[in-house]
Amino acid sequence: MTRALIVIDMQRAFDDLDFWGATTNPDCERKVAALIERWQDADEPIVVVRHDSTSVHSPLHPDNAGNELMDAVAAVDPALFVTKNVNSAFYGDPDLQVWLETQAIRELVICGIQTNMCVETTARMAGNLGYDVTVALDATRTFDLRADVAGLGIVTRTASELMATTALDLQAGGFAQIATTAALIGENRT
């Protein structure tokens with residue numbers, strides 16, 4: 001066993017567009033479910049990661065219904081279940097890196113929400129730690145962002161722009177390869 005699927009923060013709160021704003025890639029959940037099915041059929045390990053916000057006002061706080069996993073992920077009996085309250089799954093409980101080393105897993109396929117936040121952060125750390133990382137970009141999604149940034153003023157990016165930038169940063173930066181779900185599950189189309 002040398003490869004694991006890491007499913008990040010597929011939680012009900014991310015369906016609340018009034019809270020998060022405009023999103024992209026409505027096929028994300030279906031693509032994640034396809035990856036899960038492929039990994040289960042091959043009896044390969046699946047790691048499920050859940051974000052447990054420390055803010056009681058966050059829909060991702062453990063006391064809020066939004067903290068619950070989406071159906072396809074909730075149905076998984078994971079090889080490892082990690083909870084975290086920061087962007088990287090490597091800073092969760094139990095320790096992801098220790099588990100990966102114990103299992104002799106060197107190849108990671110990462111999917112989930114949000115593309116440019118927890119997915120990207122986990123992929124960058126994994127790449128820095130020496131893992132062979134692939135991000136299934138079409139099995140991720142994110143939300144439009146707008147912020148007042150010192151020296152730049154108001155900066156706005158659409159979810160689609162953020163996904164493309166994440167893909168470029170990860171692949172061109174040498175952190176991870178970008179792949180389609182179809183390629184990862186062995187379909188002939190990409």
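Side-chain atoms are counted along with the backbone in the values below, which use heavy atoms only and exclude waters and symmetry mates. Quantities reported herein were computed from a predicted structural model and do not represent experimental measurements.
Note that CG of Asp132 is 10.5 Å distant from CZ of Arg3, once rounded to the nearest 0.5 Å. Atom OG1 in Thr54 sits 5.5 Å away from atom CG in Asn85 (nearest 0.5 Å). Taking OG1 from Thr102 and CD from Gln97, the interatomic distance works out to 10.0 Å, rounded to the nearest 0.5 Å. Note that the CD atom of Glu161 and the OG1 atom of Thr156 stand 9.0 Å from one another [nearest 0.5 Å]. Separating the CG atom in Leu108 from the CG atom in Leu5 is a distance of 9.5 Å, to the nearest 0.5 Å. Atom CZ of Arg157 is separated from atom CG of Asp144 by 11.5 Å, given to the nearest 0.5 angstrom.
No more than 12 heavy atoms of other residues, nucleotides or ligands sit less than 6.0 Å from atom OH of Tyr91. Atom CG of Asp148 has more than 12 neighbouring heavy atoms from other residues, nucleotides or ligands inside a 6.0 Å radius.
Leu168 and Val119 are not part of a single hydrophobic cluster, where members link through side-chain heavy atoms under 4.5 Å apart. Under the 4.5 Å side-chain heavy-atom criterion for Ile, Leu, Val, Met, Phe, Trp and Tyr, Met70 and Met117 are members of distinct hydrophobic clusters. In terms of hydrophobic clustering, with Ile, Leu, Val, Met, Phe, Trp and Tyr side chains grouped at heavy-atom distances under 4.5 Å, Leu145 and Ile8 are assigned to different clusters. Grouping the Ile, Leu, Val, Met, Phe, Trp and Tyr side chains by contacts below 4.5 angstrom, directly or via other members, places Leu162 apart from Ile113. Val149 and Ile154 are not part of a single hydrophobic cluster, where members link through side-chain heavy atoms under 4.5 Å apart.
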Quiz item: Yes or no on side-chain contact (heavy atoms from CB on, under 4.5 Å) for Gln177 and Gln171, after CA distance, side-chain angles and deciding distance?
Solution: CA-CA 5 Å; Gln177 292 298 308; Gln171 190 158 306; 3.8 Å; yes

Quiz item: Passes side-chain contact (heavy atoms from CB on, under 4.5 Å), Trp99 versus Ile105? Steps please.
Solution: CA-CA 9 Å; Trp99 182 83; Ile105 295 172; 3.7 Å; yes

Self-check item: Trace of the side-chain contact (heavy atoms from CB on, under 4.5 Å) decision for Phe90 with Leu100
Solution: CA-CA 10 Å; Phe90 285 95; Leu100 291 169; 4.0 Å; yes

Quiz item: Does the pair Trp39 and Val109 meet the rule for a side-chain contact (heavy atoms from CB on, under 4.5 Å), with working shown?
Solution: CA-CA 10 Å; Trp39 256 251; Val109 174; 3.8 Å; yes

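Judged by distance alone, the side chains of Asp138 and Asn25 never bring a donor and an acceptor atom under 3.5 Å apart. Side-chain contact check for Thr115 and Thr140: at least one donor-acceptor pair (N or O, by modelled atom type) lies under 3.5 Å.
Residues Leu80 and Pro45 are not in side-chain contact: their nearest non-hydrogen atoms beyond the backbone lie 4.5 Å or more apart. Between Asp63 and Val56, every side-chain heavy-atom pair lies at or beyond the 4.5 Å cut-off. A 4.5 Å side-chain heavy-atom check between Val76 and Gln40 finds at least one atom pair inside the cut-off. Counting heavy atoms from C-beta outward, Thr24 and Thr158 have side chains that stay 4.5 Å or more apart.
A side-chain hydrogen bond (donor to acceptor under 3.5 Å, both in side chains) with Glu120 is found for exactly one of Thr165, Thr166, Asn87, namely Thr166. With respect to Asp9, the side-chain hydrogen bond (donor to acceptor under 3.5 Å, both in side chains) criterion is satisfied by exactly one of Gln114, Lys84, Arg50: Lys84.
Leu69 and Arg12 make their closest contact through O-NE, 3.7 Å (heavy atoms, listed as atom of the first residue, atom of the second, distance). In terms of heavy-atom proximity, Leu96 sits nearest to Ala89 at CB-O, 3.7 Å. Val86 approaches Cys118 most closely through the heavy-atom pair O-SG, 4.3 Å. Across Ala139 and Cys111, no two heavy atoms sit closer than the pair O-CB, 3.3 Å. What you find for Ala159 and Ala22 is that their closest heavy atoms are CB-O, 4.4 Å. When all heavy atoms of Val133 and Phe175 are compared, the pair lying nearest together is CB-O, 3.7 Å.
Counting only residues at least two apart or in different chains, ring pair (Phe, Tyr, Trp, His ring centres under 6.0 Å) contacts with residues 45-83 are absent. Residue pairs meeting the ring pair (Phe, Tyr, Trp, His ring centres under 6.0 Å) criterion with at least one member in residues 133-168, sequence neighbours excluded, are Phe14-Phe143, Trp20-Phe143.
No donor-acceptor pair under 3.5 Å is formed between the side chain of Ser88 and the backbone N or O of Thr122.
A search for side chain to side chain contact (heavy atoms under 4.5 Å, CB included) contacts involving Ala42 returns Arg38, Glu44, not counting sequence neighbours.
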